[in-house]
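This structure is a prediction, so every number in the text was calculated from the model and none was measured. Every chain is numbered from 1 and lettered A, B, ... according to where its sequence line falls, protein lines coming before strand lines.
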2 protein chains.
Amino acid sequence: MDFRDVSLTSLRVFRAVAEQGTFTAAAAELGYTQSAVSRQIASIERAAGAELLERRRDGARVTTAGRIVLQRATTVLDEIDAAARELTGLPARAGTVRVGWFPIAGAVLGPRALTALRRSDPALTVVTREAGTPALVRALRAGSLDLAVLALAPPFRPPDAESPALVLRTLTERSLCVAVPAADPLARGSFVDVADLRGRRWIAGSATAGDGLMGVWPGLDEKPEIAHTARDWLSKLHLVAAGCGLTTVPAVLATVAPAGVRVLPVRGGPREQRRVLLARLPQPLPEAAARVAAALHRAALDTDVAL
Amino acid sequence: MDFRDVSLTSLRVFRAVAEQGTFTAAAAELGYTQSAVSRQIASIERAAGAELLERRRDGARVTTAGRIVLQRATTVLDEIDAAARELTGLPARAGTVRVGWFPIAGAVLGPRALTALRRSDPALTVVTREAGTPALVRALRAGSLDLAVLALAPPFRPPDAESPALVLRTLTERSLCVAVPAADPLARGSFVDVADLRGRRWIAGSATAGDGLMGVWPGLDEKPEIAHTARDWLSKLHLVAAGCGLTTVPAVLATVAPAGVRVLPVRGGPREQRRVLLARLPQPLPEAAARVAAALHRAALDTDVAL
DNA sequence: ATGTGCTATGCGTGAACGTCATGGACTTCC
DNA sequence: GGAAGTCCATGACGTTCACGCATAGCACAT
């Protein structure tokens, strides 16, 4: 069996798995069953004569041979899509930039950058997508994103150890804050002391996150009491406003917090920095994408100044 | 039906038809039946929602929509091939240049250029192919050749009217000659008068070529007597040496004509010029291909000087 | 008229690709 | 320790699709 005999379907399936990280998720995205995905992957691996995905308990990771195929597969699939667009008479997607960002970037940074772009480059079309950092990184590597805005906690390791390494540029860096009900005594000051965070009830991001519960101030010497869990920032903020508990938030959220919520820095503990990065593949960036990257940088700077 | 649902097979078949010029020839090249080719083309046209090939009595011509698809298809198929090579551990085909030339170029110009290249750029690999001008042009457009050496007779129209137009550079230009048996009285002089060509027996290229029998001096005012037909130059020259007749040859052949044959210019009639061109697509040429092109130019110059 | 190039199409067969259902390996929670 | 959850793999099955064969249609040549 020769790799030249692969089907476009198997390339598409492979890209989806590379992007989603698991067969099951890829199947859901494609409207297939997991079984079909498994077979397609088996088929493309047979054609390639090598293992393209390393099966792990938590999903699949692209191998070295897989990277070779992924690289080619994306340009092949993009080319097919471009042909499809050209044939239907649509103009080429030259001015469309695909950006992914982690959830909170969509609240402040994204809208600012897009507003600025709409004035400065009205011809540009930007398509955005919200996802977690691992998903964004996979999407970048799978070629379905041009740019990704990632959040990193200390230690600021690169988001993956794959090669080639992603190109990372820091957009902004700021301390983690806590969101406090305006009615709470803590809200009287302009900052919160870490000691005052003991014994409080917390609103966590998920019921059971692996390392360091998201939403709870890290490094507390007690087992925190999780009163609520919510993934959505709007929900979390309104839970705080309702006095249901505290939660950690990035400082940028101060500008968009609803009434009844104060966002305050924390003093006393080790500095809890969060770094926001713009990531891309180490390939030459299309002109349009470079403009969007620049707009994101400007928006980050403006936000820094405003705070 | 969406163009994204095309199969790689149909792309390959389409490329083959574009290159061969007929369904039947493409089928032969691919090891398919003509029936299969017809169906694959129907399938890809259904997917594209447009006619990609214009059916004519003498075969098929690529339409405007077809050019769009052909363009994309070649890069897609090349990409797949590249992936296949990478997977089998072979080095990328970065240094391989595919050159096509019309038959006579393989006798003098090609060998000279290749010998020079072997000394100057030993790392380069050149793959060559011999074919007629129309086939070469189609192969260029289908992306299966990087360079093509074409022969043009007056009036020197571009070899096809497709767009984008091919980039043409003249390698050399010289007069048509006649090959005369050394024993023939005509061979005594250093040239032949056109009047002396009347009543001679000729060795033609093919039994019945459409316009202007190849091998017979053009513009004679009588119906020429075709004594033999031969496509192969070596055969033709030896038929001449055996005194079986005359035939027209490009002047370059003088340097490689066997004993018993003299190659002489013709005086008296209108000048019969033949132009040798180097053709390529109007796309940026890979580094390696540019070197081969340069070598061909040098070889053409050297040949000019030598004569 | 007959022959020779083209391409299109009806028909039958076999392979390929989906779904469904099941199973094995492993982790997490109670 | 057992149950329930996460992965992925695989046997059974139906349907679709792409091939070859044979034949038809068409335009042009001799």
Side-chain angles (χ1 to χ4, degrees), chain A residues 1-2 4-14 16-47 51-63 66 134-135 138 206-211 213 226 229, chain B residues 1-2 4-14 16-47 51-63 66 134-135 138 206-211 226:
Chain A
M1 180 102 180
D2 190 338
R4 273 172 285 252
D5 299 334
V6 287
S7 68
L8 283 179
T9 308
S10 69
L11 292 182
R12 247 185 286 267
V13 170
F14 177 63
V17 172
E19 184 171 333
Q20 297 292 329
T22 77
F23 285 28
T24 313
E29 181 195 331
L30 296 169
Y32 287 172
T33 50
Q34 174 269 114
S35 159
V37 170
S38 174
R39 286 174 199 284
Q40 287 289 352
I41 297 298
S43 138
I44 193 178
E45 283 184 327
R46 191 164 3 103
E51 191 180 53
L52 303 183
L53 292 166
E54 179 196 345
R55 276 71 159 177
R56 322 177 64 190
R57 21 195 131 292
D58 59 341
R61 250 187 70 229
V62 179
T63 65
R138 283 193 303 262
S206 61
T208 164
D211 48 346
L213 279 178
I226 310 289
T229 64
Chain B
M1 179 101 181
D2 189 340
R4 274 171 287 249
D5 300 333
V6 287
S7 68
L8 283 179
T9 307
S10 68
L11 292 181
R12 246 185 287 267
V13 170
F14 177 62
V17 172
E19 185 172 334
Q20 296 292 330
T22 78
F23 286 28
T24 312
E29 181 195 332
L30 296 169
Y32 287 172
T33 52
Q34 173 269 112
S35 158
V37 170
S38 173
R39 286 170 199 284
Q40 287 291 353
I41 297 299
S43 140
I44 193 176
E45 284 185 327
R46 192 166 359 106
E51 190 181 55
L52 304 183
L53 292 166
E54 179 196 345
R55 274 71 159 177
R56 321 177 64 190
R57 43 184 135 292
D58 58 341
R61 252 188 68 230
V62 178
T63 65
R138 284 193 303 261
S206 60
T208 164
D211 48 347
I226 311 286

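Note on A:Ser38: a base of the nucleic acid sits closer than 4.0 angstrom, heavy atoms only.
To the nearest 0.5 Å, atoms CD (A:Gln34) and CZ (A:Arg39) are separated by 9.5 Å. Rounded to the nearest 0.5 angstrom, B:Gln40 CD and B:Leu11 CG are separated by 9.5 Å. Atom CG of B:Asp5 is separated from atom OG1 of A:Thr9 by 8.0 Å, given to the nearest 0.5 angstrom. One distance of note links OG of A:Ser10 with CZ of A:Arg46; it measures 10.0 Å at 0.5 Å rounding.
The CZ atom of B:Arg56 sits 14 Å away from the C1' atom of D:dC28 (whole-angstrom rounding). In this entry the distance linking CG of A:Leu52 with C1' of D:dC8 reads 16 Å, nearest Å. To the nearest angstrom, P of D:dG20 lies 15 Å from CZ of B:Phe23. Residue B:Glu54 contributes atom CD, which lies 13 Å from atom P of C:dA8 at whole-angstrom precision. Between A:Ile41 atom CD1 and D:dC8 atom P there is a gap of 10 Å when expressed in whole angstrom units. Distance CD (A:Glu51) to C1' (D:dC8): 12 Å, rounded to an integer number of Å. Remark: P of D:dT10 and CZ of A:Arg46 are 11 Å apart, rounded to the nearest angstrom. Distance CG (B:Leu53) to C1' (C:dC6): 14 Å, rounded to an integer number of Å.
In this structure, B:Arg55 reaches the C:dA8 phosphate: one of its side-chain N or O atoms is under 4.0 Å from OP1 or OP2. Side-chain nitrogen and oxygen atoms of A:Arg57 include at least one within less than 4.0 Å of the OP1 or OP2 phosphate oxygen of C:dT27.
A 4.5 Å side-chain heavy-atom check between A:Leu52 and A:Ile41 finds every atom pair outside the cut-off. Taking 4.5 Å as the limit, some side-chain heavy atom of B:Phe23 sits within range of a side-chain heavy atom of B:Leu53.
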* **Base-contact (B) and sugar-phosphate-only (S) positions in nucleotides 12-25 of chain C, heavy-atom cut-off under 4.0 Å, - elsewhere** => -----SSBBB----
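Salt-bridge annotation for B:Glu29 and B:Arg138: absent, with no side-chain N of the basic residue lying under 4.0 Å from a carboxylate O of the acidic one.
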